[in-house]
Enquirer: 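Okay, here's the structure, questions in a sec.
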Amino acid sequence: MALKIVKGSIDRMFDKNLQDLVRGIRNHKEDEAKYISTCIDEIKQELKQDNIAVKANAVCKLTYLQMLGYDVSWAAFNIVEVMSSSKFTYKRIGYLAASQCFHESTDVIMLTTNQIRKDLSSPNQYDTGVALTGLSCFVTPDLARDLANDIMTLMSHTKPYIRKKAVLIMYKVFLKYPESLRPAFPRLKEKLEDPDPGVQSAAVNVICELARRNPKNYLSLAPLFFKLMTSSTNNWVLIKIIKLFGALTPLEPRLGKKLIEPLTNLIHSTSAMSLLYECVNTVIAVLISLSSGMPNHSASIQLCVQKLRILIEDSDQNLKYLGLLAMSKILKTHPKSVQSHKDLILQCLDDKDESIRLRALDLLYGMVSKKNLMEIVKKLMLHVDKAEGTTYRDELLTKIIDICSQSNYQYITNFEWYISILVELTRLEGTRHGHLIASQMLDVAIRVKAIRVFAVAQMATLLDNAHLLTGNMQRNGICEVLYAAAWICGEFSEHLENPMQTLEAMLRPKVATLPGHIQAVYVQNAAKLFATVLKSQEGNTDSTAAQETSQLMIDRLPLFVQSANLEVQERASCILQLVKYIQKLQQKDVEVAEEVTALFAGELNPVAPKAQKKVPVPEGLDLDAWINEPPSESESEDEQPKAIFAKEEPKHSRPRHTEVDEKELARRREARKQEQANNPFYIKASPSSQKVYQEAPGVEHIPVVQIDLSVPLKVPGLPMSDQYVKLEEERRQKARADKKKKEKKKRKEKHSGRGKKHDSGPESEEDIAPAHQVDIVTEEMPENALPSDDDDKDPNDPHKALDIDLDNLVETAGRRPLADSEKLPVRSHRAAEALKSPAEDGETENAASQEPKKKSSKEKREKKKDKDRERKKSKEEKKKKKKHKHEEKEEDLLGGQADESVVQSDETSMVAEPPTSTSAEEAVTVAAAAEAAPEPEAPSGAAPDSEPDEPKDTEMEETKSSKHKKKKQKKEKEEKEKKKKKKHHHHHHHSDGGGEESVQNGTVEEEEPLPPMSNYCLLAENSYIKMVYDIQGNLQDGSQVVVSVIFENKCDSFLKSMEFNVLDSLNSKLQRPEGSGPHDGLTVPFQLPPGVSNEARFVFTVQSIVMSQKLKGTLTFIVKNEDSSTHEKLDFKLHFTCTSYLITTPCYSDAFAKLLESGDLKGSSVRLEGVNMPFHHLLARICFHHHFSVVERIDSCASMYSRSIQGHHVCLLVKTSGQTVCIDAKCDEPTLLGNVLDEIKQTFSQC
Amino acid sequence: MIKAILIFNNHGKPRLSKFYEHYTEDTEQQIIRETFHLVSKRDENVCNFLEGGMLIGGSDYKLIYRHYATLYFVFCVDSSESELGILDLIQVFVETLDKCFENVCELDLIFHVDKVHNILAEMVMGGMVLETNMNEIITQVDAQNKMEKAEAGIAGAPARAVSAVKNMNLPEMPRNINIGDISIKVPNLPSFK
């Protein structure tokens, strides 16, 4: 035997192993691809052999080839084979290969489920470990669902090595199978206090990841983390926790206040820079959340800034980078503290490291003030000159423009300076931001009226020297600036010193080489200029000059008429014809200037870029509605075959489509926006501005500083902004001197349009008066513009699904216990399922069809709950806490046994529930598989939206579902809430008058929370079994009611062969399967292991529903022990109350009023004395136990409605004063009404 | 979360790639190339953080790398990880490799990429940091290697002999690249033990 092995391995050792492969590849550098393809052929041969060692070797080589970029998915099955080898060596190779190349759409993954499960439960911890590691890389939703329970078991493994891996992988499981989060959470929380630091760290890691995405759900863990933070010495754990706190503080400012002190201590004490940095970061987050500016926190800010300064000054580039990064966070809320470190940050601009320079630039943005803007920009301009590489230079350019234009040019005191900066920037070669500069020029020229004279002069110079800018013809190149220059010169031509010269510059033949859209603007604005020139020339007596101008136009324009660009061509030919006509008139000595100018009259106002988007949609206009129906169905037919492949494709194809669409849309939107912003002709002139240019108001009375313009104008392209800096300095000095002399007079000037923004700058800024009294025209917005658009969240984010409320789970298990559907699937149940009757099959179909709906309603609930909680939280925190404590105590008493079993067995989870007054308390355990049971949508408390589900429930004969009564109970409660909300909503719509006084649901919510309630009442009980039941009517079939019975095994033995039988009465009969006799019992479709409970449903036919009645019945079953089995029976009485024939039906108040007015109903009333509970509790009880819905509630008075399964209307008017409750009732069936009222009375006498 | 761990040499040749999210092989190669392009053009004395490339991550992601002799170790992480912490993790990783391979050099990584993967698996699992304590990592790796040896038993002996013979003939095996001497120091960073 041994010899054989040796022989086999000798054969093998001449196979190529991984090292040989690598060596081979290195030796075949020239024909690597060819060599590898022969290797792959060899590998394929090896994979065909039976010897697992050979296969493993082949797979190992494939893993290497995968890294080199070769697709090895064809070997997926072989990888699975190697994974399932019993030898650890091969298993590890297999799992490694799988982790490298398996993904969700690898189809063989589904073959691995059982193998992985086997490995997870292997006695060898490394088998388990390697399986966990592999699984963490390729877990799919299916695997997550099937293995969640096994992994949860491993979280309590004896070996910490396994525990920490199991804890960590749970995060991946949650991502793929969000339903597992709630059931797994308690144990995860437990692991936060695991004795092993590795496990603890893993748990912290997982919870931090979870909390980062949905922080509000983890607020309740804050105290625990706080404890960990103060006790842990593991820096990794500390960093994670501190980061987590950073995410939590924005939600809970009180937490922030508590954190400041320990964090400050850590900052002072720690020597680890990483920890220090994270502490500073979190303190910053805290301070931002507390931005109300409490005085005692200024010390913390100072500490942070000071520590960051140390980081920035450090020689280590990493610390410098991080320091700047954190500094920019402080900047947002505490700009002043950062501004004092301007020197340092400017210094960082000289750093050789681009990452650091970029971070420093970010900081500069927030640090400018009126005072230092010029200085900072000057420095940046120097950098622009020095910068190597266009990327960084372009970054600088955009930053300069960002800095200057931020908050509506808040910091610019001298616009002439800014224009010169922009002009200087045009000298940048190879920039891609010509467009940006152009739009700035346009924006400033249009919005700052006072600057137009100067701007026009500068632009004229630019046009004159256009040849300097046309070197770069590419799209968005610097030639874009000419677009702005031409437009400004044309539009504001009245300010031109020498319009004739500019006109000539615009009509040079070289212009024809510019991009089309710029030429078009040239042509159009040449026409404007022409009008201005004419006007000035006609004023003179010499008419030849005017004619010469026309001739110039006629000579030059044909060049443009021949343009390939349609826009240019069209404009040029229009204008050419116009000029020819003008020339004719001129030759007849007709004065035309006036009329020509009138062509371009009117002021163009700036329009906000988003203005179009913000126009509200008029009422009644549905933009999504078809104007014409789409022509044919052909498209949808095309789509149908696609659905067949939906299983494979949706992940890839669908999102991509939408993405493309969105991108495309965004692109178009962007393009449109730019077009709008750029195209002056898009802007509609406001009706009031029919002024002629010369009269532009406000220009005359603006005190313009004397500047010797000749210098910058005559020498274009020379830096001139510096002069403004000097000038500005002088001006400021002068102003200061002036101010001292006559303070009072100066004050007037300071009140410029931007005066109100002064507050954000440092005090000294007040001294700086702008050079011009600048009127920055705000951009126009449509009337009643819509509020700004919200940012959409990515709907595909997997973390969205993990937004699961865990608080209740954490605080008390009773408030929202785990429901069935949240139970992790367990293997053993498949066996139990097999026992189920054929009726089940039909049901699963239903289940499938219901599932999506269920999910969505669940989500809704979840969301609503969260919202509610947030709202309530602050108010009720204290109250809640007290309550929870109380509940917890009770729970411990009652559910102690249950808790134990959670620890003992992983296959059953038990949740204890606080006792209720009406039903006996049970700790119900659920063991049946959740997937098979469709959740009936709480028929008794059905809200309107669950109605369609109801018929399905009752249609099922002998429905059985492993259902948790608490789940239902909770659901009912919630649905009731929802319902109330709805009602309140309707109320608003339907009753306009008197609606104001009615108390709305909101108030109800703020009152103390409802006690838990249950409709299940005890049916019978002995030492083996306990049965509780609930009866619900079926609206669809007026003669049917469904009795849901929960059977609970109370003993240590196995209960089986349960048979449920009832002695039929004339009025009520148990529905039995066809073929069985009238006295045969029904087999309960499940068995009960010890401590387990399950629910079965039985359908009864009833004739008359006006009277309540009781039916006698018997349950027989076999108790099976290890050694013996006995036959037992239990008698019971089923009580059909009249209430159980009622179905919660919503009713609008107007319909309700009509019903009462109709006079078909007969009245009756009842008084309840000594009812000592809040009114909303009272209503809730009636709703819950007697299936009513609230129509309207006004103060301590409410109208309620319900309907019987046979269509009787039951209306109640409930009034309360003190401890007396008066119920007036109306119904078309007096007997029914009497009985219902009696039952209501009984309900309240019990409590 | 760690999105990817890449090791490549000064010429951009991948020595290990571990993606914790699925990409096609082509995209993976593209990411490696892009990352190499970004990282390799940076000077020695600049910071070790880079805003993520176009292919991997996006704005929330950072590239954190270290350069040891001929190899770049690059981690692509999101904002939930501490930058300095990851730098330290890289250090732990390299030190662990150094211990496991006894003066690690690029050739070790070239020929034993599977072992490197096994070591990495003890540190990072599914994109989350599993263990940062070097001794613990080495203990677990050694224990697993021991198991492997035990399994090979007599059958493994000849194979080992053959590979030893194979290696003997080859001139490339000498440890020409020495990264065992890890001289880059993280200032003031205590190792996470």
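Order of the sequence lines fixes the chain letters, A, B, ..., with proteins taken first and strands second; residue numbering starts at 1 for each chain. Values below: all heavy atoms of this structure, side chains included; hydrogens, waters and symmetry mates excluded. Since this is a predicted model, take the numbers as computed values, not measurements.
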Enquirer: Using non-hydrogen atoms and a 4.5 Å limit, figure out which bit of A:Cys208 sits close to chain B: side chain, backbone, both or neither.
Expert: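 For A:Cys208, neither part sits under 4.5 Å from chain B.
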Enquirer: Sort A:Ile169 into side chain, backbone, both or neither according to what part of it lies under 4.5 angstrom from a heavy atom of chain B.
Expert: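 A:Ile169 touches chain B through backbone and side-chain heavy atoms alike.
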Enquirer: What part of A:Thr133 gets closer than 4.5 Å to chain B, counting heavy atoms only: side chain, backbone, both or neither?
Expert: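 Backbone plus side chain of A:Thr133, per the 4.5 Å heavy-atom cut-off to chain B.
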Enquirer: Any side-chain heavy atom of A:Thr63 sitting closer than 4.5 Å to one from B:Asp114?
Expert: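 Not in contact.
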Enquirer: Could you pull out the closest heavy-atom pair between A:Glu209 and B:Met1, with the gap in Å?
Expert: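 Closest approach of A:Glu209 to B:Met1, heavy atoms only: OE2-N, 2.9 Å.
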Enquirer: Of all heavy-atom pairs between A:Trp236 and B:Thr132, which one has the smallest distance, and what is that distance?
Expert: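 Looking at all heavy atoms of both residues, the shortest contact is NE1-CG2, 2.7 Å.
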Enquirer: For residues A:Met67 and B:Pro14, report the shortest heavy-atom separation together with the two atoms involved.
Expert: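 For A:Met67 and B:Pro14, the tightest heavy-atom pair comes out as CE-O, 3.5 Å.
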Enquirer: Does a salt bridge link B:Glu148 with A:Arg92, judged by any charged N lying under 4.0 Å from a carboxylate O?
Expert: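 Yes.
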Enquirer: Between A:Asp351 and chain B, with a heavy-atom cut-off of 4.5 Å, which part of the residue counts as in contact: side chain, backbone, both or neither?
Expert: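 Answer is neither: A:Asp351 stays 4.5 Å or more from chain B.
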Enquirer: Are the side chains of B:His22 and A:Cys137 in touch, meaning some heavy atoms are under 4.5 Å apart?
Expert: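 When only atoms from C-beta onward are counted, A:Cys137 and B:His22 do not touch, as no gap falls below 4.5 Å.
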Enquirer: Under a 4.5 Å cut-off applied to non-hydrogen side-chain atoms, are A:Thr89 and B:Met147 in contact?
Expert: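 They are not in contact (no side-chain heavy atoms under 4.5 Å apart), so the answer is no.
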Enquirer: Within the distance-only criterion (no hydrogens, no angle test), does the side chain of A:Ser274 pair as donor or acceptor with the backbone N or O of B:Leu84 below 3.5 angstrom?
Expert: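 Checked: no pair found.
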Enquirer: Which one, B:Ser17, B:Ala143, B:Ala121, leads in non-hydrogen pairs under 4.5 Å with chain A?
Expert: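 The answer is B:Ser17.
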Enquirer: For residues B:Phe111 and A:Arg23, determine if any side-chain heavy atom of one lies less than 4.5 Å from a side-chain heavy atom of the other.
Expert: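 A side-chain contact exists here, since the closest heavy-atom pair is under 4.5 Å.
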Enquirer: To the nearest 0.5 Å, tell me how far A:Ser99 OG sits from B:Phe19 CZ.
Expert: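 It comes to 12.5 Å.
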Enquirer: For B:Arg15, is it the side chain, the backbone, both, or neither that has a heavy atom closer than 4.5 Å to a heavy atom of chain A?
Expert: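 Backbone plus side chain of B:Arg15, per the 4.5 Å heavy-atom cut-off to chain A.
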Enquirer: Measure the spacing between CZ of A:Arg26 and CD1 of B:Ile110 and express it to the nearest 0.5 Å.
Expert: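 Going from CZ on A:Arg26 over to CD1 on B:Ile110, the span is 4.0 Å.
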Enquirer: What residue in A:Gly246, A:Cys101, A:Ser136 has the most heavy-atom pairs under 4.5 Å with chain B?
Expert: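 Greatest number of close heavy-atom pairs with chain B: A:Ser136.
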Enquirer: I need the residue from A:Arg359, A:Gln125, A:Lys320 with the largest number of non-hydrogen atom pairs under 4.5 Å to chain B.
Expert: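 Ranked by contacts with chain B, first place is A:Arg359.
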Enquirer: What part of A:Tyr126 is in contact with chain B, defined as an atom under 4.5 angstrom from a non-hydrogen atom: side chain, backbone, both or neither?
Expert: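 The answer is the side chain of A:Tyr126.
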Enquirer: Thinking salt bridges, do B:Arg42 and A:Asp353 make one under a 4.0 Å N-O criterion?
Expert: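 Salt bridge present between B:Arg42 and A:Asp353.
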Enquirer: Against chain B, label A:Leu68 side chain, backbone, both or neither, depending on which of its atoms sit under 4.5 Å from a heavy atom there.
Expert: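 Contact with chain B: backbone and side chain both.
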Enquirer: Test your reading of the model: is there a side-chain donor-acceptor pair from A:Lys240 to the backbone of B:Ser80, 3.5 Å cut-off?
Expert: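 It does hold such a pair.
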Enquirer: How are the rings of B:Phe49 and A:Tyr321 set to each other: parallel, tilted or perpendicular (split at 30° and 60°)?
Expert: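 Answer is tilted, since the angle falls between 30° and 60°.
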Enquirer: Which bit of B:Ser79 comes within less than 4.5 Å of chain A, counting heavy atoms only: side chain, backbone, both or neither?
Expert: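 For B:Ser79, backbone and side chain are both near chain A.
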Enquirer: Which bit of B:Gln29 comes within less than 4.5 Å of chain A, counting heavy atoms only: side chain, backbone, both or neither?
Expert: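 For B:Gln29, side-chain heavy atoms alone lie under 4.5 Å from chain A.
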Enquirer: Let me know if A:Leu168 has heavy atoms under 4.5 Å from chain B in its side chain, its backbone, both or neither.
Expert: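 For A:Leu168, the contact with chain B is made by backbone and side chain together.
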Enquirer: Name the member of B:Thr24, B:Asn118, B:Val113, B:Asp26 that forms the most heavy-atom pairs with chain A at distances under 4.5 Å.
Expert: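 With the most close heavy-atom pairs to chain A, the winner is B:Asn118.
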Enquirer: Could you report the tightest heavy-atom contact between A:Lys165 and B:Met125, atom names first, then the distance?
Expert: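 Looking at all heavy atoms of both residues, the shortest contact is O-CE, 3.2 Å.
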Enquirer: Could you have a look at B:Glu21, B:Lys13, B:Glu28, B:Glu122 and say which one has the most heavy-atom pairs with chain A under 4.5 angstrom?
Expert: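 Top count of heavy-atom pairs under 4.5 Å with chain A: B:Glu122.
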Enquirer: Within the distance-only criterion (no hydrogens, no angle test), does the side chain of A:Asn205 pair as donor or acceptor with the backbone N or O of B:Val129 below 3.5 angstrom?
Expert: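 Yes, A:Asn205 side chain to B:Val129 backbone: donor-acceptor pair under 3.5 Å.
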Enquirer: Testing A:Asn318, A:Leu322, A:Asp316 one by one against B:Cys47 for a side chain to side chain contact (heavy atoms under 4.5 Å, CB included), which residue passes?
Expert: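 Of the listed options, the one satisfying the test is A:Asn318.
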Enquirer: Heavy-atom distances under 4.5 Å only: say whether A:Tyr161 touches chain B with side chain, backbone, both or neither.
Expert: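 For A:Tyr161, the contact with chain B is made by the side chain alone.
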Enquirer: Check whether any side-chain N or O of A:Lys164 sits under 3.5 Å from a backbone N or O of B:Leu130 as a donor-acceptor pair, and report yes or no.
Expert: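 Absent.
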Enquirer: Can any side-chain N or O of B:Glu25 pair as donor or acceptor with the backbone N or O of A:Asp71 at less than 3.5 Å?
Expert: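 Absent.
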Enquirer: Just give me the residue among A:Lys243, A:Lys172, A:Glu278 that pairs up with chain B most often, heavy atom to heavy atom, under 4.5 Å.
Expert: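 Looking at each option in turn, the highest pair count goes to A:Lys243.
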Enquirer: In terms of heavy-atom pairs under 4.5 Å, which option from B:Gln140, B:Glu131, B:Glu83 contacts chain A the most?
Expert: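 Result: the option with the highest number of such pairs is B:Gln140.
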Enquirer: List the steps, then state whether salt bridge (Lys or Arg N to Asp or Glu O under 4.0 Å) holds for B:Asp78 with A:Arg212.
Expert: CA-CA 11 Å; B:Asp78 68 11; A:Arg212 202 163 71 90; 2.8 Å; yes
